[in-house]
Amino acid sequence: MKQLSNFGKALNKQAQKEIIAGCSCGHICDTYNGPIEVTCEQFRRTPPQFQQCVDMLEPCDP
């Protein structure tokens, strides 16, 4: 029950990195050197393998 008390709570960037680091996909972000907070247009230009490494500053329509 204690674990579920944080369910739905927003995570800061450091907490996200710690979770990602626990899986094999997290290491790709170690090589990413672009902006962390991006606009929709910047997100679209971000290579697909690095899109999981950024935070969106605004909603982005598909």
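Note: hydrogens, waters and symmetry copies are ignored here, and every other heavy atom, side chains too, is used. By convention here, the first residue in the shown sequence is residue 1.
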- prompt: Pairs in or reaching into residues 36-50: which pass side-chain hydrogen bond (donor to acceptor under 3.5 Å, both in side chains), with residues at least two apart or in two chains?
  reply: Thr39-Gln42
- request: Indicate the atoms forming the closest heavy-atom contact of Ile28 with Phe50, along with that distance.
  value: O-CE2, 3.3 Å
message: Within the structure provided, determine whether Asp55 and Ile36 are in side-chain contact (heavy-atom separation under 4.5 Å).
response: yes
- request: Enter the distance from Phe43:CZ to Glu58:CD here, rounded to the nearest 0.5 Å.
  value: 11.5 Å
Atom pair SG (Cys40) and CG (Leu57), whose distance is rounded to the nearest 0.5 Å: 10.5 Å
